[in-house]
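So the structure is just underneath, and the comments pick up after that.
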Amino acid sequence: MSFLQLGLSLIFVAIPLGLTLFLKLGLEKDIIIATVRSVIQLLIIGYILTFVFESDSVIFIILMILLMIAAASQNVVKKGTGIPGITAIIIFTLFVVEAVSMGILLGFSIIPAEPEQIIPISGMVIGNCMVLSLLFLNKFKDELVAGEEVIELILSFGGAPEAAISRSLKSSIRTSMIPTVEAMKTMGLVQLPGMMSGLIIGGADPLEAVMYQLLILFLILTTAALSSVMVGYMSYPKLFNQRLQYIGLRPSEK
Amino acid sequence: MPIIEFKNVSHNDILHNITGSFRESRITTFVGPSGAGKSTCLKMINGLLSPDAGEVLYRGKDIFDYDISGLRKTVSMAFQSSPMIHGTVYDNLNLPCEVHGEVLGEARAAELLDMVELDASFLTRPVREISGGERSRISLARTFVHRPEVLLLDEITSSLDYVLVRDIERLVMRLQSEQDVTVIWITHDLEQARRVSHDMWFLRKGELIEYGPAEFIDRTENPEIRSFVKGEH
Ligand SMILES: Nc1ncnc2c1ncn2[C@@H]1O[C@H](COP(=O)(O)OP(=O)(O)O)[C@@H](O)[C@H]1O
Ligand SMILES: [Mg+2]
């Protein structure tokens with residue numbers, strides 16, 4: 001695609017812009033900001049990737065991954081979770097999930113050890129881990145509010161924190177994974193997954209694109225399960241103290 | 001010797017310098033306006049909360065010098081809303097065992113139901129299908145699973161109709177004498193307190209105004225208690 005063709009694609013920005021002006025929807029400012037930001041951000045990423053791919057240096061690959069982890073954890077933590085020490089938990093989880101995924105992919109030579117493969121797949125792994133952590137934490141907070149009485153009840157029997165929280169914890173892990181599993185069931189029926197479409201547009205053989213997409217789906221299933229389980233099992237002890245008392249969420253903590 | 005003692009117990013802005021005691025094998029009610037700190041006091045007796053200052057003694061020893069998990073089996077608690085987990089009545093009776101990796105068994109479960117005057121056919125019923133009065137009974141039966149010495153009851157009749165309230169009162173009084181347990185019972189209903197109490201604690205705004213054999217509530221010269229008692233009629 002040439003810059004001229006990209007320029008022409010701005011017609012697709014002009015149409016909604018015209019509509020919002022005509023109908024006075026008040027979205028024109030947001031549309032312009034969104035367009036400018038996406039152009040600048042993606043072009044920067046494009047140049048960085050070109051540079052990293054050409055340099056072919058491990059240091060830059062690792063640096064890219066660290067950057068992605070930093071951005072992703074920032075995104076989770078700024079939501080204010082009420083769980084003390086959650087920042088460290090999220091960063092650790094992102095590291096482990098990325099390391100396990102890459103360890104399996106590269107260890108079994110499922111993908112070649114090239115930056116063109118490692119960086120985009122790491123992006124998907126880390127991005128998915130971030131989304132699942134957020135999803136899990138939201139569900140967990142709801143479950144804690146709904147389940148507070150049962151938590152205290154079980155503690156009052158002399159039960160340990162793990163026994164007290166186990167119902168809320170498992171239910172949050174389960175519900176946070178449901179969208180991932182459900183999405184897999186309908187995959188390809190309604191719309192083609194983005195990455196596969198991208199490969200096909202880029203000229204790849206459809207079957208090869210499908211195989212890649214399947215790999216990503218399976219990978220995302222692992223990241224979903226690992227993220228929820230790790231964040232869950234590392235956070236719940238922070239909700240209790242040494243005296244087997246329930247402290248609960250502390251909204252000011254990060 | 002009293003079975004439980006509070007010594008200069010304070011907690012946040014909720015409790016102020018509470019000193020008092022409970023006699024063994026008696027029913028002591030906590031009486032006082034809502035927000036007085038009754039539930040907070042109760043949770044300190046089984047260590048669900050700890051005082052910021054002062055201490056709570058069980059048989060002369062600070063409760064946190066006991067293994068807290070073991071103490072909570074000895075000092076058992078029923079909550080206001082009779083919280084239940086999803087599942088059957090048996091699942092709920094088994095819960096205090098399950099969390100210690102033990103199994104209650106159907107025979108013992110039926111025995112517990114019998115104590116609260118429910119028959120064994122309840123065991124397989126899902127808890128979401130049972131009535132409020134039955135729920136309170138099951139919650140009460142559940143507090144006996146570990147054969148406790150002390151029962152802490154937090155407004156266990158507040159959501160029930162009058163007839164059911166009287167049933168539960170008779171049940172608790174019978175179980176108290178049969179099982180020889182010490183009962184500490186929060187109620188906001190002064191009539192109920194008069195019916196069931198050997199002893200009373202009167203709390204107001206986080207302070208223990210007076211405690212002792214239940215008669216004091218109607219004989220006291222204390223203006224705060226007198227105005228509370230008048231307000232009830
Ligand atoms: N977890 C808590 N955090 C802060 N304040 C609380 C908490 N629980 C109760 N309180 C406050 O402590 C006071 C006493 O509460 P509580 O012991 O429940 O009173 P009672 O059972 O006599 O109605 C109330 O003013 C209540 O708002
Ligand atoms: Mg209360």
Side-chain angles (χ1 to χ4, degrees), chain A residues 82-84 136 138-178 181 228-229 232-253, chain B residues 11 39-40 42-52 56 62-87 91-102 104 127 135 138-139 142-148 150-154:
Chain A
I83 299 171
F136 167 79
N138 275 330
K139 303 276 181 203
F140 195 40
K141 276 192 256 183
D142 292 345
E143 285 285 335
L144 289 178
V145 173
E148 181 167 351
E149 288 192 317
V150 170
I151 293 172
E152 284 228 304
L153 176 75
I154 293 177
L155 289 178
S156 84
F157 300 144
E162 193 189 350
I165 204 92
S166 121
R167 280 175 178 77
S168 309
L169 184 60
K170 284 182 184 157
S171 158
S172 322
I173 292 176
R174 201 181 307 119
T175 41
S176 68
M177 284 184 63
I178 286 175
V181 177
S228 296
V229 169
Y233 276 85
M234 286 192 287
S235 349
Y236 87 77
K238 317 261 180 194
L239 304 174
F240 299 86
N241 65 19
Q242 291 296 313
R243 295 181 152 184
L244 309 187
Q245 295 165 341
Y246 179 62
I247 310 165
L249 296 169
R250 279 154 286 175
S252 60
E253 300 270 355
Chain B
H11 187 71
S39 299
T40 308
L42 203 70
K43 285 183 179 176
M44 290 195 172
I45 301 175
N46 69 354
L48 282 178
L49 287 174
S50 24
D52 295 336
V56 179
D62 191 303
I63 60 162
F64 289 105
D65 290 339
Y66 290 89
D67 162 43
I68 198 70
S69 169
L71 181 96
R72 285 177 188 166
K73 289 178 170 180
T74 312
V75 180
S76 160
M77 178 155 176
F79 293 82
Q80 183 163 3
S81 56
S82 304
M84 299 279 159
I85 57 165
H86 298 295
D91 295 334
N92 276 278
L93 289 174
N94 185 44
L95 191 60
C97 289
E98 186 199 303
V99 301
H100 291 283
E102 298 156 9
L104 180 69
V127 276
R135 204 182 162 96
I138 291 159
S139 170
R142 192 167 56 184
T143 60
F144 282 97
V145 166
H146 293 304
R147 303 179 200 277
V150 179
L151 286 193
L152 308 175
L153 311 177
D154 193 346

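Within every chain, numbering begins at 1; the chains are lettered A, B, ... in the order of the sequence lines, protein sequences first and strands thereafter. Note that the structure is a prediction, hence the values are computed from the model and not measured.
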Subject >> Contact leader toward chain A among B/G70, B/S76, B/S50, where contacts are heavy-atom pairs under 4.5 Å >> reply: B/S50

**OP:** Output the distance between atom CG (B/N46) and atom CD (A/Q245), rounded to the nearest 0.5 Å.
**Re:** 9.5 Å

Original post:
Can you tell me how far the OG atom of B/S81 sits from the CG atom of A/L153, to the nearest 0.5 Å?
Top reply: 9.0 Å

Original post:
What part of A/E152 is in contact with chain B, defined as an atom under 4.5 angstrom from a non-hydrogen atom: side chain, backbone, both or neither?
Top reply: both

Original post:
In terms of heavy-atom pairs under 4.5 Å with chain B, which of A/G159, A/A164, A/A160 leads?
Top reply: A/G159

Original post:
Do you know which two heavy atoms are closest between A/F157 and B/K73, and how far apart they sit?
Top reply: O-CG, 3.9 Å

**OP:** Measure B/E98 against the heavy atoms of chain A and call it side chain, backbone, both or neither at under 4.5 Å.
**Re:** side chain

Subject >> From B/D67 atom CG to A/L244 atom CG, the distance as rounded to the nearest 0.5 Å >> reply: 8.0 Å

Original post:
In terms of heavy-atom pairs under 4.5 Å with chain A, which of B/L95, B/L71, B/I68 leads?
Top reply: B/L95

Original post:
Do you know which two heavy atoms are closest between A/G158 and B/S69, and how far apart they sit?
Top reply: O-OG, 2.7 Å

Original post:
Which atoms form the tightest heavy-atom contact between A/V150 and B/M84, and what is the distance?
Top reply: CG2-O, 3.9 Å

**OP:** Sort A/R243 into side chain, backbone, both or neither according to what part of it lies under 4.5 angstrom from a heavy atom of chain B.
**Re:** both

